[in-house]
Visitor: 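Before I ask anything, here is the structure I am working with.
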Amino acid sequence: MTKLLSDFQQDLELRGLTKNTIYNTVGSVRAYLCWSESQRADPLSIENLLAYLKYIRTERSLKSTTVERHFQRIGLWFEFLEEMRLIESNPMPRLRKRYLRSYKDPVSHRRLISVEEAARMVRATIDTRDRAMLMLLFKTGVRRHELVALDVDDVDIEKLSILLKPTPKRSNRIVYFDEETARVLRRWLFVRSSRLKKRGERALFLSRTGTRMRADTVFKIVAKAAERAGLHDPRSNRPEDHFSPHCCRHWFTTHLIRSGMPRDYIKWLRGDAMNEAIDIYNHIDPEDVKRSYLAHIPMLGV
């Protein structure tokens, strides 16, 4: 399995997935294979997959979203095995449809904070790196895995723009930020050089060890910042009392809509798929989007 796992990693690299995605995917698959070995079970059997699902749900008590991510990554492994004709068919789509299908509450419980609360959250964050990450999450609406995948060269501070790494979920890779975000980014880039421990590391945001920031670390940083501002209660069981990085994307979208920015421009910035037939003929000018964005994005005064 070691050689096969190495081939799988090379396949992910050839497909153009980000380093962070590859790291997490291979890690989830390796954890599953190690557990299967400890159980002396066949890792390719549907019975073993169901046993592993029960194990991480009950004994490890992982959240449903975390369980879904693990099985999504393991699904890529089985997809690879099917392509290599090492298995007859991939059992994961049927398993996920039956046992991991989520039924969303029609009432959204994702927390929406005001512009003033977002400003308070950023001001309560002292660390230069963490403040820069918060500003980008609020002002661009990027997902946390898109944030950690950024390299220094992806950011053009003079043009107030960022070119994101390609991902399957995103139809547009360009996002913009405003002057107050640029000021925070300049301060971080000045400090970043003193935290750089590995020559040639191009990651925009560095961990304490000088390597690329992990997505789960971003989650913790955002939650702590919200907790300091009184916007996150880790002891509560109510979803509306929690604040996560995705709440920043929710904030970005909602406040741009409320400020009157055209919806098709917002969809373009979010990287949403253009699903309607007329969208094919709606050629959006990035400069028009940028002007509209700068006119509508809320100022945090930091």
Side-chain angles (χ1 to χ4, degrees), residues 20 110-152 154-155 157 160-162 164 175-197 201-236 239-256 259 269-270 293-294 296-302:
N20 193 62
R110 183 165 289 124
R111 182 161 194 171
L112 174 66
I113 63 175
S114 66
V115 174
E116 292 74 19
E117 288 172 324
R120 190 169 78 237
M121 185 172 157
V122 174
R123 283 195 293 267
T125 303
I126 305 302
D127 186 87
T128 308
R129 179 202 64 186
D130 296 353
R131 179 175 283 206
M133 287 195 300
L134 277 175
M135 288 294 285
L136 281 184
L137 287 169
F138 277 123
K139 292 301 187 91
T140 66
V142 296
R143 301 174 178 90
R144 56 178 168 147
H145 71 269
E146 294 172 331
L147 182 78
V148 298
L150 287 175
D151 291 329
V152 173
D154 296 330
V155 181
I157 291 187
L160 303 176
S161 67
I162 295 174
L164 301 173
V175 292
Y176 301 109
F177 52 89
D178 56 11
E179 286 291 348
E180 65 174 358
T181 307
R183 289 195 297 271
V184 175
L185 277 174
R186 287 191 183 98
R187 288 196 290 268
W188 161 241
L189 288 173
F190 179 78
V191 173
R192 179 186 177 276
S193 58
S194 65
R195 299 191 187 182
L196 191 62
K197 298 180 181 179
E201 177 59 72
R202 300 307 298 160
L204 177 61
F205 293 112
L206 304 173
S207 66
R208 291 182 179 179
T209 59
T211 57
R212 186 179 297 275
M213 180 76 68
R214 289 171 56 89
D216 55 348
T217 305
V218 174
F219 186 95
K220 294 174 184 176
I221 289 170
V222 171
K224 282 292 182 183
E227 188 176 357
R228 283 194 298 270
L231 302 171
H232 173 75
D233 184 2
R235 296 170 295 278
S236 174
E240 57 267 36
D241 292 335
H242 292 204
F243 193 92
S244 68
H246 202 77
C247 293
C248 297
R249 184 170 170 85
H250 186 47
W251 183 93
F252 169 83
T253 304
T254 303
H255 287 290
L256 282 179
S259 66
L269 285 173
R270 283 172 48 88
Y293 165 83
L294 293 174
H296 292 94
I297 191 69
M299 297 292 291
L300 298 183
V302 296

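Values in this document were obtained by computation on a predicted structure and should not be read as measured data.
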Visitor: Which value, rounded to the nearest 0.5 Å, describes the distance between S244 atom OG and R144 atom CZ?
Guide: 7.5 Å
Visitor: Could you report the tightest heavy-atom contact between V115 and P298, atom names first, then the distance?
Guide: CG2-CB, 3.8 Å
Visitor: In the structure I gave you, are the side-chain heavy atoms of D154 and L164 within less than 4.5 Å of one another anywhere?
Guide: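 D154 vs L164: side chains apart.
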Visitor: Could you tell me the separation between the CG atom of L137 and the CD atom of E146, rounded to the nearest 0.5 Å?
Guide: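 Between atom CG of L137 and atom CD of E146 there are 10.0 Å.
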Visitor: Just grab all the ring-ring contact (aromatic ring centres under 6.0 Å, His included) pairs involving residues 117-142, residues at least two apart or on different chains.
Guide: F138-W251
Visitor: Mind checking what makes side-chain hydrogen bond (donor to acceptor under 3.5 Å, both in side chains) contact with H145, not counting sequence neighbours?
Guide: none
Visitor: Output a table of donor-acceptor pairs, distance under 3.5 Å, between side-chain atoms of residues 216-231 and any protein atom two or more places apart or on a different chain; print 'none' if there are none.
Guide:
residue: D216; atom: OD1; partner: R214; partner atom: NE; Å: 3.3
residue: R228; atom: NE; partner: A124; partner atom: O; Å: 3.2
residue: R228; atom: NH2; partner: T125; partner atom: OG1; Å: 3.3

Visitor: Could I get the full list of salt bridge (Lys or Arg N to Asp or Glu O under 4.0 Å) partners for R186, not counting sequence neighbours?
Guide: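 Result, salt bridge (Lys or Arg N to Asp or Glu O under 4.0 Å) vs R186: E158.
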Visitor: What class does the angle between the rings of Y293 and Y176 fall in, given that below 30° is parallel, 30 to 60° is tilted and above 60° is perpendicular?
Guide: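 Plane angle between 30° and 60°, so tilted.
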Visitor: L112 vs H255, test: side chain to side chain contact (heavy atoms under 4.5 Å, CB included). Steps then yes/no.
Guide: CA-CA 10 Å; L112 174 66; H255 287 290; 4.1 Å; yes
Visitor: The criterion is side-chain hydrogen bond (donor to acceptor under 3.5 Å, both in side chains); which residues satisfy it with D151, sequence neighbours excluded?
Guide: K165, R212
Visitor: What's the separation between atom SG in C247 and atom CE in M121, rounded to the nearest 0.5 Å?
Guide: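 One gets 8.5 Å once the value is rounded to the nearest 0.5 Å.
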Visitor: With a 4.5 Å limit on heavy-atom distance, are the side chains of T128 and V184 in contact?
Guide: no
Visitor: Does R131 have any salt bridge (Lys or Arg N to Asp or Glu O under 4.0 Å) partners at least two apart in sequence or in another chain, and if so, which?
Guide: none
Visitor: Apply salt bridge (Lys or Arg N to Asp or Glu O under 4.0 Å) to R208 and list each qualifying residue two or more places apart in sequence or on a separate chain.
Guide: none
Visitor: Restricting to side-chain contact (heavy atoms from CB on, under 4.5 Å), what partner residues turn up for T181, sequence neighbours left out?
Guide: M135, L136, K139, F177, D178, L185
Visitor: Any non-hydrogen side-chain atom of F252 less than 4.5 Å from a side-chain atom of R270?
Guide: yes
Visitor: Report the residues that fulfil side-chain contact (heavy atoms from CB on, under 4.5 Å) with L196, sequence neighbours left out, ordered by chain and then residue number.
Guide: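 Checked L196 against side-chain contact (heavy atoms from CB on, under 4.5 Å); matches are R192, E201, L206.
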Visitor: Could you pull out all residues at least two apart from S236 that satisfy side-chain hydrogen bond (donor to acceptor under 3.5 Å, both in side chains)?
Guide: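 Here the qualifying residues are D241.
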Visitor: Just to verify, what does E116 make a side-chain contact (heavy atoms from CB on, under 4.5 Å) with, not counting sequence neighbours?
Guide: S114
Visitor: Partners of R195 by side-chain hydrogen bond (donor to acceptor under 3.5 Å, both in side chains), sequence neighbours excluded?
Guide: D127
Visitor: Can you name the nearest heavy-atom pair linking A215 to N20, along with the distance?
Guide: CB-ND2, 4.1 Å
Visitor: When rounded to the nearest 0.5 angstrom, what distance separates CD1 in I162 from CG in L204?
Guide: 7.5 Å
